[in-house]
Amino acid sequence: MASKYQEYNQLNLPQIEQEIRKEWEQHQIFEKSVSNRDGAIPFVFYEGPPSANGLPGIHHVISRSLKDLVCRYKTMKGHQVKRKSGWDTHGLPVELGVEKALGITKEDIGKKISIAEYNETCRKEVLKYKDVWEELTRKMGYWVDLQHPYITFENDYIESLWWCMQQLYKKGLLYKSVSIQPYSPAAGTGLSSHELNQPGTYKDVKDTTVVAMFKAIASDKSQFLFDAAGAGEEVFFLAWTTTPWTLPSNLGLTVGENIDYQLVKTFNPYTHLPVNVVVAKDLAGKYFKAEGENGDFSAWTPEDKIIPWKVVAGFKGRQLENIRYEQLLPFAQPEEGDPFRVLLGDFVTTEDGTGIVHTAPAFGADDNRVGKKYGIGILTLVDRQGKFTDNVGEFSGRYVKNYKNETEYKDVDVDIAVKLKKENRAFRVEKYEHTYPHCWRTDKPVLYYPLDAWFIRTTAVKDRMVELNKTIQWKPAATGTGRFGQWLENMVDWNLSRSRYWGTPLPIWRTEDGTEEICIGSIAELNDGIRKANEVLGGDVNKAYLHDGILDLHKPYVDEIILVSPSGKPMRREPDLVDVWFDSGAMPYAQWHYPFENKENIDKGQAFPADFIAEGVDQTRGWFYTLHALGVMLFDNVAYKTVVSNGLVLDKDGNKMSKRLGNVVDPFQTIDQYGADATRWYMITNASPWDNMKFNVEGIKEVQRKLFGTLYNTYNFFAMYANLDGFRFEEKYIPLEERPEIDRWIISVLNTLVKQVTGNMDEFEPTQAGRAVQEFVDEHLSNWYVRLCRRRFWKGEYEHDKISAFQTLYECLEKVSQLMAPVSPFFSDWMYRNLNSVSGLRSESSVHLSNFPAVNEVAVDKELEERMQLAQDISSLVLSLRKKTNNKVRQPLQKILIPVTDEHMKAQITLVEHLIKSEVNVKTIEYLTETEGFIKKKIKPNFKSLGTRMGAKMKAVAAAIGGMEQHDIAVLEKDGEFGLNVENERIPIVLSDVDIISEDIPGWTVANKGMLTVALDITISPELLDEGNARELVNRIQKIRKDSGFELTDRINVKVPDVPALKSALMNFNDYICTEILADSLEIVPQLQEGTEVEVNEFKFNVLVNKKR
RNA sequence: AGAUCCGUAGCUCAGCCUGGUUAGAGCACUACACUGAUAAUGUAGGGGUCAGCAGUUCAAAUCUGCUCGGGUCUACCA
């Protein structure tokens, strides 16, 4: 054990951090903090896996700080918090990175490079920056188990994923279907939403748009339309499209159930034939000019600009349901289904178009959904190259967009429009500018195209997911009810399929005709199947896998395996990979290789669900969603009880950080320069984690100075004097009641702080907790307790009062180190260790192994805290009065005068009188109770109490109160009641209806703050002047001592020349001066040439200070 | 396009849930003081149409609606 507290010359956070980190690693403090809690109630935390094929940024520091501080806090509160790190290793970003590095495209895979080689490269590349990540993790003090991470590409991990999928399969939640996905014909590949959201993919394009006319067929359902149109008339539905090339594939028209529609009689503007058209009422204005309404039909000729029209019927969309129409472009019909009907869909709006949506189930997600609902079939007259199939008449073989960069490409949309015009099937053709997604690689427009895909039927458990979501504590709450809640309400089935190479393969094998299939749930099951297939099918089937079974669960190996169906047919694997979000969503189970290992941990709730997770808000519909979905589907449980979604980190001007803008902040540089603790503290206390934060290093500097600098100074102050007096906390703990007022006060405030911090941390509000600690350290501990108590630490003997001061300050520093440990793990441990290495008070060698402080309710004394506040306010007022009247603090003054409203206030101030007096250097305090005429008072209405009673009369009453005379106020104070005269009405008020403030004491210098008033007597008597001069001299000699480099305890001899103005001060305060400056003699000599020149109240002279030998 | 969060001093943020008449703090700036904690501290000062508009109310930064600006997510849809 050290005998002395370590003293330091200056604060160097990065250096402290290095030292502490070394200690942690050498003595395995993290491991101990977990193993120490064996058997304790676990606090379950899940680490969302980052992808290590990109470099970490400063935004990772905030979310990891948040995660770390919660885990550290819970550990200190006695829980065992296991934290496995993880790596997200599959998926498109990895593949794209590899393709870029190898200079290949997707098409080259399997040709220029084998799939095996390609995947091997991915496997290596994906952990490219693992070291960098691990270094950041250690450097920023994020405690997470880096030794045993879960890695999503490992066989164990994938095996758990397969088990999960098999569970879903068994529950009937896994199915195959055609879905509409973004597809790039130019690149010949489907695109993920990720790719679609690359910057610059959405471009403004001008397309030819058509309002097409679909001819209604008369039937019972449509009779009302024909009746309204009149005998022998034709009725058309108008539908708008920006993609006329989808019209040959049209199978339906969708209307809104509650939207109002009209049947309008008019002429076709191109063919001039009389027509009756159906259009949404709200949109009729777009197609018909107001001047033409109810115009003269018989007199109209095609030369007339204004086409007459009139409404002949009005009805709701639901009345149109299932009315049939003639196919617009009858090139081909779907193989199955009952097409060419009017459907109802909730996605229809009246914002643009006609309120009737042309529905081609092959080329739109909404279309597909509503089409499926009505069973109208599907018709796909465009192939995967983006050209019409050969059964589309004159359009056969034409590319729907210019995918081949043909110089004389003719827009097929235009030709379709022309054809429709000629056939009396177009009501309007025009160019329209809108944004449309483009393939980020080929710059060509994307198609929405039906592709085969496997889905998880999340919609089947939607209600349960919604219900369970309500039990999750979201921070902030609005994200859970809002963004996430609404997302759940509008969920669609989860498209699992990805046509890629590097990812978790879908463990489903099928016969060629699709009638038989199997979903594999474990490696053992697959190996069994491998052997069985070989036995049944014979030959070379699975030959390479018979001996050792399968060794790598990735492509291409899984694809080489053929299984056999119960009826003896070969089954091949469905070629798709699984969405990487499935990888991360299943991590609660896969990280433990459940259920093949650690089965009880999850079954018994020791590792599931999580008590707490936290990630960026961008994960709301990513990880948070997939975790929740899988938790509900697999275990009918939430996957996490509390989730904190933190906001983004923006640059100091509020822009998103991006490499392109060059405003990214390097976390290493920041930490090296300012320290991890200052960075963490800044990020946590600057704003609530869920607010976006504007990252500014100036803020870190401020934290460094303000909090850590102050705390460091306080510690150093303590260490210096504790070392002088040999304080090692060996004496008995002095009971609080035996300590002076100010000690009990700071301990009281300290305990209030403990209570507050605990409450905040339990509520996952670290920002509030950090701010509270900061205020305590700065306002209370440093700027009041230490400032007022300085003398107690260096003056006088080492006995009761001094020991009490040391014990008190020690306790404050120690508890503060514990309170701040979760947020600033390094500095807190440094301070804790410095303290504990001398006192040996605690057996835990690190603050992170100690228990979080518990509140000592007995120590909390609200009355005491209140009167100390009074002392602070009064001192502040007196100091401001001194400033105003130019009386420096070193000059003692005789008295201050404080009007008190009641006995309680007087008693409170009396108890802290000595503190005020020494702080502001005043001899006495006098209290004024009641003296009408002596104190001038000010009266203010209490709006809150009066307002409810007075209502509309409030303004007049306030004016009347403002007009009360001093005498009136006195009456009110004496009687407790007063009758106001407001607009000739007597309105009684009582004391609680007003605030009365002593505003002024005529003839005195006065200051007020709130209800408090202080007057200062600024007369300086000769005695006071002497004392002031004496203090000045002490101050000058102390400075000489310090400048001469004397030790604090050195004794000195002093010679001063005979200065008449100071002589009486020297005579009368000789003893005082000697005590203060530790002088054995203070001699007045007639003349003095040697020594140091000083100036006291405008007199200049020399002082000779000699160290005693 | 929809959902959601945000907008208070030059900067970072409190206050808003629960309405009350002089809207606070820190930083920065200016001046003065203090100085056995000194790269600290105190006192004073300047600095705000609380994004805008309308409404509710005796009273709105605070409640309601709309608008504008910024962020994020989802979608891109005829």
Side-chain angles (χ1 to χ4, degrees), chain A residues 10-11 182 193 196-197 202 209 239-243 246 253-254 347-349 351-360 364-367 434-437 446 448 476 478-479 481-484 486-487 490 616-618 620-622 647-648 650 652 654-656 682 685-688 690-694 696 698-699 701-702 705-706 709-710 712-718 720-721 767 771 774-775 778 782-783 786-787 790 793-794 875-876 879-884 886 888-890 940-948 950-958 1035 1038-1039 1041-1042 1046 1048 1077:
Chain A
Q10 68 165 23
L11 175 64
S193 61
L196 218 51
N197 280 309
Y202 285 92
T209 67
W240 182 57
T241 179
T242 57
T243 51
T246 60
L253 294 171
T254 308
F347 57 89
V348 181
T349 67
E351 279 176 20
D352 45 24
T354 61
I356 302 175
V357 177
H358 143 60
T359 303
D366 284 335
D367 306 38
H434 62 144
T435 58
Y436 196 82
V446 154
Y448 286 83
T479 304
T481 52
R483 189 183 286 191
F484 194 67
Q486 283 175 2
W487 169 249
N490 296 319
V617 68
D618 52 334
T620 304
R621 290 165 184 185
L648 303 184
L650 310 169
K652 65 181 166 60
N655 301 308
K656 197 175 176 177
Y682 162 67
T685 58
N686 177 66
S688 286
W690 36 87
D691 288 334
N692 289 346
M693 95 163 299
K694 291 181 191 163
N696 190 347
E698 290 304 316
K701 286 187 197 165
E702 190 180 324
R705 251 201 342 264
K706 196 89 191 150
T710 307
Y712 161 84
N713 276 337
T714 308
Y715 164 78
N716 236 13
F717 172 85
F718 165 83
M720 184 162 80
Y721 292 111
T767 307
R771 285 175 180 172
Q774 204 163 310
E775 196 196 336
D778 190 39
S782 171
N783 282 325
V786 173
R787 195 150 63 86
R790 262 181 354 223
F793 289 93
W794 51 267
S875 300
S876 162
L879 289 173
S880 110
L881 285 172
R882 276 182 171 278
K883 161 77 189 161
K884 205 182 287 171
N886 253 329
K888 49 177 89 172
V889 180
R890 227 179 273 124
K940 266 170 51 181
N942 179 344
F943 284 89
K944 202 161 190 170
S945 96
L946 278 170
T948 39
M950 299 303 162
K953 276 179 287 193
M954 191 58 220
K955 269 184 182 146
V957 172
N1035 167 257
Q1038 296 286 33
K1039 188 166 161 46
R1041 282 184 62 112
K1042 198 180 172 189
F1046 294 175
L1048 286 173
I1077 62 176

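Hydrogens, waters and symmetry mates play no part in the numbers below; they use all other heavy atoms, side chains included. Proteins get letters first, then strands, A, B, ... in listed order; numbering begins at 1 in each.
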For atom [atom1], what is the distance between [N] and [M], given to the nearest Å?
| N | M | atom1 | result |
| --- | --- | --- | --- |
| B/rU12 | B/rA54 | P | 29 Å |
| B/rC53 | B/rG45 | P | 31 Å |
| B/rU74 | B/rC63 | P | 30 Å |
| B/rA28 | B/rC16 | P | 28 Å |

Under 4.0 Å, counting only non-hydrogen atoms across every strand here, what does [X] touch: a base, just sugar-phosphate, or nothing?
| X | answer |
| --- | --- |
| A/V889 | nothing |
| A/F1046 | base |
| A/R787 | base |
| A/R790 | base |
| A/G699 | nothing |
| A/D778 | nothing |
| A/K888 | sugar-phosphate |
| A/S876 | sugar-phosphate |
| A/Y715 | nothing |
| A/A687 | sugar-phosphate |

Does [N] have OP1 or OP2 under 4.0 Å away from a side-chain N or O of [X]?
| X | N | result |
| --- | --- | --- |
| A/K940 | B/rU21 | no |
| A/K694 | B/rU12 | yes |
| A/N716 | B/rA37 | no |
| A/R705 | B/rA28 | yes |

Assigned partner base of [N], Watson-Crick or wobble definition, under 3.5 Å:
| N | value |
| --- | --- |
| B/rC34 | none |
| B/rU72 | B/rA3 |
| B/rA39 | none |
| B/rC11 | B/rG26 |
| B/rC66 | B/rG52 |
| B/rG47 | none |
| B/rG20 | B/rC58 |

Could you go through the side-chain contact (heavy atoms from CB on, under 4.5 Å) check for A/Y682 and A/N696 one step at a time? CA-CA 9 Å; A/Y682 162 67; A/N696 190 347; 4.0 Å; yes
[X] to [Y] - nearest heavy-atom pair and separation:
| X | Y | result |
| --- | --- | --- |
| A/T767 | A/A687 | OG1-O, 3.4 Å |
| A/M693 | A/N686 | CE-ND2, 3.5 Å |
| A/P941 | A/L946 | CB-CD1, 4.0 Å |
| A/V348 | A/G355 | CG1-O, 3.4 Å |

Nucleotide nearest [X] (side chain, heavy atoms from C-beta), chosen from [options]:
| X | options | result |
| --- | --- | --- |
| A/V786 | B/rA37, B/rU43, B/rU21 | B/rA37 |
| A/M954 | B/rU43, B/rC58, B/rC13 | B/rC58 |
| A/K955 | B/rU21, B/rA44, B/rC58 | B/rC58 |
| A/L879 | B/rU12, B/rC58, B/rG42 | B/rG42 |
| A/N713 | B/rA14, B/rC27, B/rA40 | B/rA40 |

How are the rings of A/F717 and A/Y721 set to each other: parallel, tilted or perpendicular (split at 30° and 60°)?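 Perpendicular: the ring planes of A/F717 and A/Y721 meet at over 60°.
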Taking for A/I356 and for A/N783 the nucleotide of RNA chain B with the nearest heavy atom, the one nearer the 5' end belongs to A/N783
Of A/S945 and A/A239, whose nearest nucleotide on RNA chain B comes first from the 5' end?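 Residue closer to the 5' terminus by nearest nucleotide: A/S945.
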Taking N and O atoms by type only, does the side chain of A/S782 place a donor or acceptor under 3.5 Å from a partner on the base of B/rA40? no
With A/T359 as reference, evaluate A/T254, A/D367, A/T241, A/T246 under the side-chain hydrogen bond (donor to acceptor under 3.5 Å, both in side chains) test and give the passing residue. A/T254
